[in-house]
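Numbers restart at 1 for each chain; the letters A, B, ... are given by sequence-line order, proteins then strands.
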Amino acid sequence: MRRPSAPSATRSPPSPPSASVWSSRPMSVRVRFAPSPTGQVHIGNIRAAIFNWLYARHTGGAFLLRIEDTDRERSTPEAIRTLLDVMEWLGMTSDEPPVYQSACTERHLEVAEAMVAAGTAYREDRDGKGECIVCRMPESGRLEFTDAVKGRIRKQAEDLQDFVIVRSDGTPVFHLANVVDDHDMRITHVIRGDDHVENTFKHLQIFRAMGAEPPIYAHLPMIVNHMGKPYSKRDGAAFVGDFQAQGFLPEALFNFLALLGWAPGDDREIMTRGEMVEAFDLDRCKSSAARFDLKKLTWMNGEYLRRLPRETLDAAFRERLAAGGLDPASVTDEVWNAILDLMIPRTKIFGEVPGNCAYFFTDDFAFDPRAVEKRLRPEGTRERLLKVAETFESLPAFTLESTEAALRALGESMATGIGSLVHPVRVAVSGMTEGPGLFEMLVLLGRERVCARLRQAVRMAG
RNA sequence: ACGCCCAUCGUCUAUCGGCUAGGACACAAGGUUUUCAUCCUUGUAAGCGGGGUUCGAUUCCCCGUGGGCGUGCCA
């Protein structure tokens, strides 16, 4: 398949897209994701990969991976590993062995030479750096192509300039390598970012020079940040790895990203892979930029998270707690399961697990300053906390019912109401203002720990 | 500067000339309990401006405006 088809000697202009041998019969779709491994995979790039993947699956075609590793500096084995890992994490693996662009350099140069021989390219010394090879663009007329998502796109030849395809140091430039590889991989649809629309004219010109039928191009709108500006690394989470680290689920990220620039047409949002594959199509893709809404992703992640089987959640909680320096085994199985029951509905991202559950596993948990200020500082809290501790200590049994009854009784006798007890107690034992029902929490922590924490909190109280 | 592309609630989007403009996130209120989350109900909220075409424009055309991209021996 890597065979060079001899570039035709046709002159620059017409070269009608003559029906090639196989174009008369239904050619099966072949798409590719062609990232350059930089060590991180950008969210915009992976979205392009998702659309390629969906299109391949929808049409029953092939999804291929081409690693554009010609930048030897950055394309380290680790960077490539990261890329492959991300692809696998999201469940998108190449249907054929990945093509490494760096292995195709000779072929690229061979095409360039053939273009020079045919007159569709020429050698020139542009800036005294030595001779490079330049591709000839048409000098007049109008160029156009039909983009599968943007429709007809045209440009006057005057607005296009001849461009370098081989540097004076003998290395092929992106445009050449990209096109030759797409050709050799028999790519039928190039689905890529918006930022490549203008390049398409150059690419088409190289295809023409090769005497080959160009693929169909589909340009996806860009993803922009919350400010509406192009999403960059400066925007915080811009890489797939960031989301992975924060504990987002691959299925949720996939679903969310698929909905940026595409919609099934009905009102479905949460969809299975199969549903997305079935509903996906290029002509349902939008052509305007989409903003990345972290809140919606977070919501969607929560939806996916809560549908996970118990064992998966159990394992994920254990893993996250351990990563946060907490020991899940420090509580009994019974308590552990009760904690899960309480915390799962309150979890949207696994990354927040250690922070939200710390007080169950250690006495050395953090106090939210604002919570302390609001619930512990107020006048009289000290006395109330002490009183609660004494009451709890004198209880015959420390249960859901007994603790609640005791606190209510105390609250009524105090005129400040039960709220003036409940809130400070919560902060005293957990360090925060939110969490499971107070009495469930108390019982799980146990009388000893609760009372100790109440007495400790007195020091912070007003 | 020139060229290309884009333009519906705050955000993601539906609408392929008939719209009382639909859904989701977020937000607000209520059901609820001490908080938070979940769940349910309800509510606020949109067609960038100006011209045309048409019986009728969010939908088609033009001009503005705004934004993005491009104009590299970067990818």
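Between B/U34, B/U13, B/U38, one nucleotide has an atom nearer to the side chain of A/Ala263 than all others, and that is B/U13. The side chain of A/His175 lies closest to B/A75 when the candidates are B/U35, B/A75, B/U71. Here the nucleotide nearest the side chain of A/Lys348, chosen from B/U38, B/G68, B/U71, is B/U38. Nearest to the side-chain atoms of A/Lys295 among the listed nucleotides B/C25, B/U35, B/C73 stands B/C25.
Between A/Trp299 atom CH2 and B/G23 atom P the separation is 14 Å, expressed in whole Å. Atom C1' of nucleotide B/U13 and atom CG of A/Asp267 are separated by 9 Å, given to the nearest angstrom. What separates CZ of A/Arg192 from C1' of B/C69 is a distance of 13 Å, to the nearest Å. When the C1' atom of B/U71 is taken as reference, atom CD of A/Glu158 falls 14 Å away, rounded to whole Å.
Within the structure, every pair that satisfies the ring pair (Phe, Tyr, Trp, His ring centres under 6.0 Å) test and touches residues 133-153 of chain A, not counting sequence neighbours, is listed here: A/Phe145-A/Phe201. Each salt bridge (Lys or Arg N to Asp or Glu O under 4.0 Å) pair with one or both residues in residues 419-443 of chain A, not counting sequence neighbours, would appear here, but there are none.
Between A/Lys229 and B/G68, a side-chain N or O to OP1/OP2 separation shorter than 4.0 Å is present. Between A/Arg167 and B/C74, a side-chain N or O to OP1/OP2 separation shorter than 4.0 Å is present. Residue A/Arg408 places at least one side-chain N or O closer than 4.0 Å to OP1 or OP2 of B/U34.
Mapped onto RNA chain B by nearest heavy atom, A/Arg284 and A/Arg375 fall at different nucleotides, with A/Arg284 at the one closer to the 5' end. Each of A/Phe174 and A/Phe439 was matched to the nucleotide of RNA chain B holding its nearest heavy atom; the match closer to the 5' end belongs to A/Phe439.
Aromatic ring orientation, A/Phe207 versus A/His183: tilted (interplanar angle from 30° to 60°).
Salt bridge status for A/Glu68 with A/Arg32: absent, with no side-chain N to carboxylate O gap under 4.0 Å. Between A/Glu110 and A/Arg107 a salt bridge is recorded (basic side-chain N to carboxylate O distance below 4.0 Å).
B/G30 is paired with B/C40 under the Watson-Crick or G-U wobble criterion, all donor-acceptor distances under 3.5 Å. With a cut-off of 3.5 Å on both Watson-Crick or G-U wobble distances, the partner of B/C69 is given as B/G3.
The base of B/G23 is paired with the side chain of A/Glu269 by a donor and an acceptor separated by under 3.5 Å. With hydrogens and angles ignored, no donor-acceptor pair closer than 3.5 Å exists between the side chain of A/Arg126 and the base of B/C73. Between the side chain of A/Thr433 and the base of B/C36, no donor-acceptor pair under 3.5 Å is found.
Across A/Trp53, A/Phe248, A/Phe243, A/Tyr304, a single residue satisfies ring pair (Phe, Tyr, Trp, His ring centres under 6.0 Å) together with A/Phe254, and that is A/Trp53.
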Legend entry - Protein proximity profile, nucleotides 4-11 of chain B - base contact B, sugar-phosphate-only contact S, no contact -, cut-off 4.0 Å on heavy atoms: BSSS---S
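If you check every strand for non-hydrogen atoms under 4.0 Å, A/Asn199 touches a base.
Cation-pi geometry between A/Arg47 and A/Trp262 is not met at under 6.0 angstrom from the ring centre and within 45 degrees of the axis.
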